[in-house]
Amino acid sequence: MTQTTLNTVDITLFSALNVDKNIYQGGDQIVRSPIDGSTIGLVNYLPAADVAAVIDQSQAAFEQWRKIPAPRRGELVRILGEVLREHKEDLAQVVTLEAGKITQEALGEVQEMIDICDFAVGLSRQLYGLTIASERPGHHMRETWHPVGPVGIISAFNFPVAVWSWNAALALIAGNSIVWKPSEKTPLTAIACQALFEKAVARFGSDAPANLSSLIVGDRDAGEALVNDERVPLISATGSTRMGREVGKAVAARFGRSILELGGNNAMILTPSADLELATRAILFSAVGTAGQRCTTLRRLIVHKDVKAQVLEKLKKSYQTVSIGNPTENNLVGPLVDEASFNAMQDALAQAKEQGGEVFGGERQLADVYPDAYYVAPAIAEMPAQTDVVKHETFAPILYVLEYENFEDALRLNNEVPQGLSSCVFTTDVREAEIFQSAVGSDCGIANVNIGTSGAEIGGAFGGEKETGGGRESGSDAWKGYMRRQTNTINYSRELPLAQGIKFD
Ligand code: UN1
């Protein structure tokens, strides 16, 4: 990490949106690209002491926005989706530059933003409550859903824009304002999203109050100030289990609500009846895609002993031919985000060996071309058992391989880790498929059949159990997490009967 001067990176999106250069080139905090380690931006951090003022403004915005009818709020999100469509390639370019994702995956990430906007527009007319039968004559009951207040969004580097949009789109149609603290590694993509949001607001018109969306580019202290502020009733945080443990505690201590989407340790059970060709392709995308830096990345392969040798042979061949390199060129695997991530991977591989594992791949690549960037060959570690290192999420492309004989043992291995995000089984045996998705099957938030662990669509609720944090974002009824539920009993009679038949006169 030697370069400190600014490369004049031409960020098309910033020029197209007329973003003030001072915001992304005028600060004292260096933003580096994982592609080559060069400086691509200089931003300023908002001091933690200034976070309260941002929340003041967000609170004021909330008080206006909650009065706008939900379908009209949906119109703003519809326009945001439109703006994202117009700038899809340009935003994807910033994602590639700042997070190191290959172009295809960066485009996919922006598509995920567009999809959630479409979903949220529909939802803006479907914030349904129940009507409930009352036990009292001349009464009825109903359930209504109301906005909660400014929603704090904390996001990670690996999905620098999509995770914001899942939260933002739902929070906005729900009638909330939003305050975003992105990863310190990816402030430029956040600045880009904020500018895109402002473009949508300009097109939407004056119903949108100022500061409906606020951005806090800052360090950990700024994040803490957001998490600890009582005026923020909901914090939705995506990142490491360590971060989530702290955020969850701090928010609970002030009786706030949190939606936590934390580490995963996702497994595939590969059974003897499976379509091995399909399974190998799924493993490749899930395990090496995004250079192993998705929370849904496939980290464990639990393979039946009869097919293990055959599958490993196929896999190793694919691992050797997968193209690793500059994500803007035609490669399938881009860089790790930084040196710390590379060191963590090497450390995990060393531990795997100490714990009896046999490691294939994992070496640094292209160090001569990119001395300040960290490309790696994806690794396969054949393990004698589910040892400590296997139970730990290392955010890098390491696939631990475990062997099984009985399906029950495979299920036990699947569940015997602290995390519970995603899982899958490859089988053509309907019994195995159904057991895997039953009450005694996978304990994860996501359990797939014949598709990999990563790459979920936005229509389903996204999140997981145990150390993954229990939160659900994105589709299904995850919107309820962004609203408060109110039970209403209405008396249209001339009497005042009490519930439970109580007489009080
Ligand atoms: C994440 O890595 O934080 O299912 C989110 C997937 C993506 C989202 C990943 N839709 O892999």
Side-chain angles (χ1 to χ4, degrees), residues 34 92 95 98-102 104-119 153-170 180-183 185-186 189-190 193 236-244 247 259-268 282-299 332-334 336-337 341 393-397 399 419-424 442 444-449 451-465 467-476 478:
V95 171
E98 194 176 45
K101 273 191 192 189
I102 62 168
Q104 268 303 306
E105 291 198 59
L107 286 168
E109 178 167 357
V110 181
Q111 185 59 45
E112 204 162 337
M113 303 175 81
I114 295 169
D115 294 344
I116 193 71
C117 285
D118 287 358
F119 184 85
I153 303 169
I154 296 174
S155 62
F157 80 85
N158 68 325
F159 270 78
V161 294
V163 168
W164 169 73
S165 71
W166 300 346
N167 288 286
L170 296 192
W180 183 16
K181 159 73 178 77
S183 160
K185 295 183 179 124
T186 51
T189 41
C193 290
S236 177
T238 301
S240 68
T241 294
R242 205 176 37 166
M243 175 278 292
V247 168
I259 297 175
L260 300 176
E261 204 263 280
L262 313 173
N265 195 348
N266 318 299
M268 173 191 292
I283 293 170
L284 204 67
F285 176 69
S286 281
V288 317
T290 334
Q293 300 170 107
R294 285 192 191 217
C295 54
T296 50
T297 290
L298 179 66
R299 308 207 176 277
L332 288 182
V333 182
L336 290 176
V337 72
S341 170
E393 180 195 46
T394 301
F395 224 54
L399 180 67
Q419 310 82 356
L421 179 56
S422 186
S423 60
C424 68
S442 166
C444 296
I446 298 171
N448 296 334
V449 175
I451 67 162
T453 54
S454 67
E457 302 173 19
I458 59 88
F462 185 87
E465 308 300 339
E467 286 191 2
T468 303
R472 291 297 186 277
E473 295 174 314
S474 194
S476 182

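First listed ligand is number 1; within each ligand, the first listed atom is number 1.
Checked against a 3.5 angstrom limit, the closest N/O atoms of Phe159 and ligand 1 fall outside it. Taking distance alone, with nitrogen or oxygen atoms compared against 3.5 Å, Gln293 stays at or beyond that limit from ligand 1.
The protein atom (non-hydrogen) at minimum distance from atom 7 (C) of ligand 1 is Arg294 NH1, 3.7 Å. Counting only heavy atoms of the protein, atom 10 (N) of ligand 1 lies nearest to Glu112 OE2, 2.8 Å. Protein heavy atom closest to atom 11 (O) of ligand 1, with residue, atom name and distance, is Thr296 OG1, 2.6 Å. With hydrogens left out, the protein atom closest to atom 4 (O) of ligand 1 is Ala456 N, 2.7 Å, a heavy atom. Nearest protein neighbour of atom 5 (C) of ligand 1, counting heavy atoms only, is Cys295 SG, 3.4 Å. Residue, atom and distance of the protein heavy atom nearest to atom 6 (C) of ligand 1 are Gly455 N, 3.2 Å.
Contacts with ligand 1 closer than 4.0 Å are made by no heavy atom of Phe395, backbone or side chain. With a heavy-atom cut-off of 4.0 Å, Asn158 touches ligand 1 through its side chain alone.
Counting atoms of ligand 1 from 1 in the listed order, those under 4.0 Å from a heavy atom of Trp166 are 5 (C), 8 (C). Every atom of ligand 1 with a heavy atom of Ser454 under 4.0 Å away is listed here by number and element: 11 (O).
A distance of 9.0 Å separates CZ of Phe285 from OG1 of Thr297, quoted to the nearest 0.5 Å.
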Determine, step by step, whether Thr290 and Lys101 satisfy the side-chain contact (heavy atoms from CB on, under 4.5 Å) criterion, reporting the C-alpha distance in whole Å, the side-chain angles of both residues, the deciding distance to 0.1 Å, and the verdict. CA-CA 6 Å; Thr290 334; Lys101 273 191 192 189; 3.8 Å; yes
What do the steps show when you test Glu105 against Phe159 for side-chain contact (heavy atoms from CB on, under 4.5 Å), and what is the final call? CA-CA 10 Å; Glu105 291 198 59; Phe159 270 78; 5.8 Å; no
Show your working on side-chain contact (heavy atoms from CB on, under 4.5 Å) between Glu261 and Leu421 and close with a plain yes or no. CA-CA 9 Å; Glu261 204 263 280; Leu421 179 56; 4.1 Å; yes
Take Phe395 and Asn158 through the side-chain contact (heavy atoms from CB on, under 4.5 Å) test and state the conclusion after the steps. CA-CA 10 Å; Phe395 224 54; Asn158 68 325; 3.5 Å; yes
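Between Trp164 and Trp180, the two ring planes are parallel [angle under 30°; tilted spans 30° to 60°].
The environment of CD in Gln111 is crowded: more than 12 heavy-atom neighbours from other residues, nucleotides or ligands sit within 6.0 Å.
Residues Glu393 and Thr241 have side chains that never bring a donor and an acceptor to within less than 3.5 angstrom of each other.
Salt bridge Glu467/Arg242: absent, no basic N to carboxylate O contact under 4.0 Å.
Ligand 1 is approached by Glu261 to a heavy-atom distance shorter than 4.0 Å.
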